[in-house]
Protein chains: 2
Amino acid sequence: MQNLSKNQQIIFDLIDKSPEPLKAYSILFNVQKKGIKAPLQVYRALDKLVEIGKIHKIESRNAFIACQNSSCQISKATAFSICESCEKVTEINNSNLSKYLTSFKDKNGMKYNKYNLEFFGLCKKCISKKS
Amino acid sequence: MQNLSKNQQIIFDLIDKSPEPLKAYSILFNVQKKGIKAPLQVYRALDKLVEIGKIHKIESRNAFIACQNSSCQISKATAFSICESCEKVTEINNSNLSKYLTSFKDKNGMKYNKYNLEFFGLCKKCISKKS
DNA sequence: TTACAAAGTGTTATATTATAACAATTTAAC
DNA sequence: GTTAAATTGTTATAATATAACACTTTGTAA
Ligand SMILES: [Zn+2]
Ligand SMILES: [Zn+2]
Ligand SMILES: [Zn+2]
Ligand SMILES: [Zn+2]
């Protein structure tokens with residue numbers, strides 16, 4: 001794996017140190033002091049980082065999170081849990097799940113080379129708040 | 001299940017007869033002759049239709065498809081296959097898969113009440129075109 | 001080491017997707 | 001019938017994402 005370019009590194013560092021998924025324009029706002037001024041600069045870096053698997057897009061939230069799991073091969077098999085109350089997002093690393101889904105074959109015979117799974121629920125903190 | 005309102009019915013009919021997922025502004029364009037003039041009218045109907053499980057949102061495509069599967073309980077457990085070449089989308093109805101995912105428990109102990117899964121690959125037609 | 005291609009950058013403009021706010025109307029329940 | 005809930009209509013605006021073009025840097029190989 002080659003090194004990241006300047007913009008890619010700046011944006012990856014920001015996402016990687018964030019405890020929560022970041023949205024593109026929030027990233028833009030946060031890197032303007034580093035000279036990244038336009039949305040396109042952000043989106044290009046995001047596209048590349050997603051492509052090489054350093055970050056993932058949480059599709060239901062239009063937000064980006066650093067990969068927690070070097071073994072999800074280049075973003076081909078991703079799963080997340082999302083708390084619908086506090087919006088905490090965690091990447092799921094479960095070999096049973098990934099084996100099951102990677103080898104899943106639909107009855108139509110189509111073979112998949114990629115998947116993205118998002119689970120929704122309440123995290124432990126939010127469940128205990130409710131009681 | 002109660003009846004749909006006027007706008008909801010118009011928009012559902014359009015989505016239901018479409019062979020492919022429809023995007024909100026394409027829906028808007030197609031229902032303007034029926035008196036629906038503003039994006040909000042479309043989005044409100046879409047929100048409601050998703051909520052009651054008559055349609056699903058394909059998150060990776062920002063597009064909407066009619067439910068093919070009355071048994072996916074009110075949009076709580078959805079799975080789709082998406083052809084990355086022709087963009088054909090099919091709702092997967094596989095009880096093994098839904099059982100596996102509905103009962104899936106992460107090691108963090110979080111229990112999920114909802115999931116959405118999108119598989120990506122090439123459909124049969126697109127595979128044969130390539131050869 | 002020079003040429004060439006590929007990848008990355010900077011910039012302006014614009015396209016696409018989605019919601020806020022407010023008033024009016026229709027529908028469903030009591 | 002009265003009230004509450006859901007739906008509609010409308011204008012404006014917010015949020016997300018890409019097009020097009022010129023230029024620069026980086027990697028590769030003759
Ligand atoms: Zn990952
Ligand atoms: Zn939570
Ligand atoms: Zn369905
Ligand atoms: Zn196809």
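- Out of D:dT8, D:dT11, C:dG10, the shortest distance to the side chain of B:Arg44 is found at D:dT8.
- Between A:Lys6 and the phosphate of C:dG10, there is a side-chain N or O to OP1/OP2 separation shorter than 4.0 Å.
- Taking the six-membered ring for Trp and the full ring otherwise, A:Tyr100 and B:Tyr100 have centroids separated by under 6.0 Å.
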For this session: Test B:Phe104 against A:Phe119 for ring pair (Phe, Tyr, Trp, His ring centres under 6.0 Å), laying out the working first.
Result: CA-CA 10 Å; B:Phe104 177 78; A:Phe119 282 108; 5.3 Å; yes
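- When distances are taken from the side chain of A:Lys37 to each of D:dA17, C:dC22, C:dT11, the shortest belongs to C:dT11.
- Distance A:Tyr43 OH to C:dT16 C1': 11 Å, rounded to the nearest Å.
- The side chain of A:Lys57 places an N or O atom within less than 4.0 Å of a non-bridging phosphate oxygen (OP1 or OP2) of D:dA17.
- In this model, the phosphate group of D:dA15 is not approached by any side-chain N or O of A:Lys23 to a distance below 4.0 Å at OP1 or OP2.
- Where A:Tyr25 and A:Gln41 each meet DNA chain C at their nearest nucleotide, the meeting point lying more 5' is that of A:Gln41.
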For this session: Could you check A:Thr78 against A:Asn116 for side chain to side chain donor-acceptor pair (under 3.5 Å), going step by step and ending with a plain yes or no?
Result: CA-CA 5 Å; A:Thr78 49; A:Asn116 180 58; 2.8 Å; yes
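- Distance B:Ile27 CD1 to C:dT17 C1': 12 Å, rounded to the nearest Å.
- One finds no side-chain N or O of A:Asn62 lying less than 4.0 angstrom from the OP1 or OP2 phosphate oxygen of C:dA18.
- Across the protein-nucleic acid pair, A:Leu46 atom CG and D:dA17 atom C1' stand 11 Å apart, rounded to whole Å.
- Using a 4.0 Å cut-off, some side-chain N or O of A:Ser5 falls inside it from OP1 or OP2 of C:dT9.
- Among the nucleotides D:dA19, C:dA18, C:dT9, the one closest to the side chain of A:Asn7 is C:dT9.
- Judged by distance alone, the side chain of B:Asn30 and the main-chain N or O of B:Ser26 form a donor-acceptor pair under 3.5 Å.
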